[in-house]
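Taking it in order: structure first as structure tokens, then the write-up.
Computed from a predicted structure; not experimentally measured.
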Amino acid sequence: MLTAIIIDDENSSRNALRQKLNNHCAEVSVIAECENGELGIINIEEKKPDIVFLDVEMPRMNGFTMLQQLKNKNFEVIFITAYDHYAIQAIKFSALDYLVKPVEVNDLKIAVDKAAEKRRQPIVNNRVEMLLQNFLDEKKEHQRIAISSMEGLQFIMTDDIIYLEANSNYTSFYLTNNRKITATKTLKDFEEILPATIFIRIHHSYLINKNGVDKYIKGEGGQVVMKNGITLDVARRKKEEFMKAVGH
């Protein structure tokens, strides 16, 4: 049995989520419901839940601010959000889960299953702390990202990424110091997460860090030579977009 606390300023949202958990997630026991972050902190510290369902946007204290003020973050967080795009980006960076209101039952069940699995991994605090660091860091290109690989979660700085290569349903990360990580998500998934001001799709197979480009070789689409010495093709349809991104 997993214990859970729901923190949401909307009474109707709390009620709806509790009912869905009761009806469809028998392994979850809701031990407290809180209408604001202040009460959330008190209940989390006192009751030490396995999962916290946390609304992103709340009056006075939003979900991220509440997490900052907690001493013990040894629980899984499933964020509940209505619209906040940047919040979702920060959550994705940290390999944490979120549900969009109104919460769909299938999405809820998947999120609960993931939380149960993650409870067996000793890295909960790392994910939450990384989320807070990223959210508070105004220089988005210096954020850390959690990459789910065959070995587990790996945490890297985004400015250590030279380029990404599509590999069927996987993605290969080529990093500084000749490191390589194979992630269990598609290139499109990472294109949606990584900052578009820094990472450019130059080809259906490649997403590059524009700061990792050493040289551009002219051609129909052309080629880029990356800082690790690898030459990559630029698709003809992507050439104009690439040239604008690098300031030409």
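For E220, the side chain to side chain contact (heavy atoms under 4.5 Å, CB included) criterion is met by R236, not counting sequence neighbours. Scanning for salt bridge (Lys or Arg N to Asp or Glu O under 4.0 Å) contacts around R60 gives E38, with sequence neighbours left out. With sequence neighbours excluded, no residue satisfies ring-ring contact (aromatic ring centres under 6.0 Å, His included) with F199. Contacts of Y170 classified as ring-ring contact (aromatic ring centres under 6.0 Å, His included), with partners at least two apart in sequence or in another chain: none. Residues meeting the side chain to side chain contact (heavy atoms under 4.5 Å, CB included) test with K114, sequence neighbours left out: D97, I110. With sequence neighbours excluded, no residue satisfies salt bridge (Lys or Arg N to Asp or Glu O under 4.0 Å) with E151. In this view, Y98 satisfies the ring-ring contact (aromatic ring centres under 6.0 Å, His included) rule with no residue, not counting sequence neighbours. Under the side chain to side chain contact (heavy atoms under 4.5 Å, CB included) criterion, D160 pairs with M157, T176, R179, sequence neighbours left out. Among residues two or more places apart in sequence or in another chain, the side chain to side chain contact (heavy atoms under 4.5 Å, CB included) test is passed with E241 by K238.
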Residue pair E45, K71: steps toward the salt bridge (charged side-chain N to carboxylate O under 4.0 Å, His left out) verdict: CA-CA 8 Å; E45 298 287 3; K71 296 176 184 175; over 6 Å; no

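Checking E165 against S172 by side-chain atom types alone, no donor-acceptor pair falls below 3.5 Å. A donor and an acceptor atom, one from each side chain of S12 and N15, are nowhere located under 3.5 Å apart.
In N169, the CG atom is not crowded: 12 or fewer heavy atoms of neighbouring residues, nucleotides or ligands sit closer than 6.0 Å. Counting non-hydrogen atoms of other residues, nucleotides and ligands closer than 6.0 Å to CG of N178 gives a total of 12 or fewer.
Pairs engaging residues 212-235 under the ring-ring contact (aromatic ring centres under 6.0 Å, His included) rule: Y216-F242 [sequence neighbours left out].
Each of L67, I88, V52 was compared with F79 under the side chain to side chain contact (heavy atoms under 4.5 Å, CB included) criterion, and only L67 meets it.
Summarising the hydrophobic clusters (Ile, Leu, Val, Met, Phe, Trp, Tyr; side-chain heavy atoms under 4.5 Å, direct or chained), the residues clustered with I6 are L2, L17, L21, V28, V30, I51, F53, I78, I80, L99, V103, L108, V112.
With rounding to the nearest 0.5 angstrom, the CD atom of Q154 is 12.0 Å from the CZ atom of R144.
A salt bridge links D55 with K101: the distance from a Lys NZ or Arg NE/NH1/NH2 to an Asp or Glu carboxylate oxygen falls below 4.0 Å.
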Determine all donor-acceptor pairs shorter than 3.5 Å in which one atom belongs to a side chain in residues 222-229; sequence neighbours excluded.
residue	atom	partner	partner atom	Å
Q223	NE2	D233	OD1	3.0
K227	NZ	N211	O	2.9
N228	OD1	I230	N	3.3

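A donor-acceptor pair under 3.5 Å links the side-chain atoms of N36 to the main chain of L39, judged by distance alone.
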